[in-house]
Number of protein chains: 2
Amino acid sequence: MRLTTKGRFAVTAMLDIALYEADKPVTLAGISERQSISLSYLEQLFSRLRKQGLVSSVRGPGGGYRIAKAHHDISVSDIITAVDEQIDATQCGGNENCHDEGRCMTHELWASLNGKILEYLSGVSLADMVDMQRNKGAGTVVFSPKKCGSEATIAA
Amino acid sequence: MRLTTKGRFAVTAMLDIALYEADKPVTLAGISERQSISLSYLEQLFSRLRKQGLVSSVRGPGGGYRIAKAHHDISVSDIITAVDEQIDATQCGGNENCHDEGRCMTHELWASLNGKILEYLSGVSLADMVDMQRNKGAGTVVFSPKKCGSEATIAA
DNA sequence: TAATAACCTACTGTTTTAGTCAATTATTAT
DNA sequence: ATAATAATTGACTAAAACAGTAGGTTATTA
């Protein structure tokens, strides 16, 4: 998988909108200032976020961006995949470059890891992040994992 | 975190040794052939694996590499950190580049994800991989996670 | 009609990845 | 002794990805 500043900035920016959006949409210039992220870089990111339907835009003065869905319907993995365009740890996509028979020896390991990461990131929603941010300094916050006991089962 | 072919090749190579090591140590040339990994690239990787004490080397004819510890005492995360020299998803290491107050808004999220990944990768040992590889085609293999219900608890 | 702000495309410097190449050192078999 | 083997070391490199910059266009509102 790929976890870069692109994904990190995207999550930060989405959280920023979720926190500051009220009657008016939030401008990229505002996000840029508050989070110290380059405006042009934000534009690139939001081009993708908009195409994936995560945000909606309003042009002209007083315009900006809004979160396009309910906050608990957007997961961190949604945001990262929107800007990073792949969240895959296998690299041997479909038993391509493993010269022997089919998939490489460690294929199942990476596929399983991939599942773990995705399971976690898709279990944290924008709403969770907002709650966490608001409760900061107020004690302890717990990320709630969806369910328990989901072993990585591999069929040979 | 950083998950590249470097780490993948290292795990594959270690597994190869674990499978083929008997009375004789295993040569890099042999690994190179079986796993189609460049010999020179393997040399770089094993330089680090040796410095981390994961393998021991024997020079000269009949020489090669051996796994230096018990197979169940080497985890996948040990191997990856040995060659990749960082397994960190935060990037703001110690509240450096967050201009406001201390750590950035999403710091806890990445730290928590980091913990998840590390928890999983350190729970899979070389011995597990060997078992899995030997049991291949014999049905279903399950990676045993250490324990259950380990929520990501974040103190604000 | 002027300001605002999204939108789009192309370009760029730096770092990382994934190696290659060439030489050296230690060990064993002949 | 010496030749072959195999680890060990260090420097170098092409290509890709990352992290932006720059400059312009379009739509909307005051």
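Throughout, a chain's letter reflects where its sequence line sits, starting with A, and its residues are numbered from 1. This one's a predicted model, so the numbers in the text were calculated from it and none came from an experiment.
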- Message: Heavy atoms only, 4.0 Å cut-off, all strands: where does B:Phe9 land among base, sugar-phosphate and nothing?
- Response: sugar-phosphate
- Considering heavy-atom distances to DNA chain D, does B:Val26 or A:Glu43 have its closest nucleotide positioned more toward the 5' end? B:Val26
- Message: Heavy-atom nearest nucleotide on DNA chain D for B:Lys51 versus B:Gly63: which residue maps closer to 5'?
- Response: B:Gly63
Length of the [atom1]-[atom2] vector between [X] and [N], whole Å:
| X | N | atom1 | atom2 | answer |
| --- | --- | --- | --- | --- |
| A:Tyr41 | D:dA17 | OH | P | 14 Å |
| B:Arg59 | C:dT27 | CZ | C1' | 9 Å |
| B:Lys24 | C:dT28 | NZ | P | 10 Å |
| B:Leu28 | C:dA26 | CG | P | 18 Å |
| A:Phe46 | C:dC8 | CZ | C1' | 16 Å |
| A:Ile17 | C:dA6 | CD1 | C1' | 12 Å |
| B:Leu42 | D:dT8 | CG | P | 13 Å |
| B:Glu33 | D:dA6 | CD | C1' | 15 Å |

- Query: So which nucleotide from D:dT28, C:dA26, C:dT27 ends up closest to the side chain of A:Pro61?
  - Reply: D:dT28
- Return the nearest nucleotide to the side chain of B:Ser40; candidates are D:dG23, C:dT27, C:dC21. C:dC21
- Message: Can you confirm whether the side chains of B:Ser77 and B:Ser75 place a donor and an acceptor under 3.5 Å from each other?
- Response: yes
- State, without any angle test, whether A:Ser32 and A:Tyr41 hold a side-chain donor-acceptor pair at a distance under 3.5 Å. no
- How long is the gap from OG on B:Ser112 to OH on A:Tyr120, to the nearest 0.5 Å? 2.5 Å
- Task: With rounding to the nearest 0.5 Å, note down the distance linking CE in A:Met129 to CG in A:Leu15.
- Result: 5.0 Å
Side-chain N or O of [X] less than 4.0 angstrom from OP1 or OP2 on [N]?
| X | N | answer |
| --- | --- | --- |
| B:Tyr65 | D:dT8 | yes |
| B:Ser57 | D:dA6 | no |
| B:Ser38 | C:dT20 | yes |
| A:Arg50 | C:dC8 | yes |

- Message: Please say yes or no: joined through hydrophobic side-chain contacts below 4.5 Å, possibly via intermediate residues, are B:Ile79 and B:Leu19 part of one cluster?
- Response: yes
- Message: Ignoring hydrogens and geometry beyond distance, is the side chain of A:Gln44 in donor-acceptor contact with the base of C:dC8 at under 3.5 Å?
- Response: no
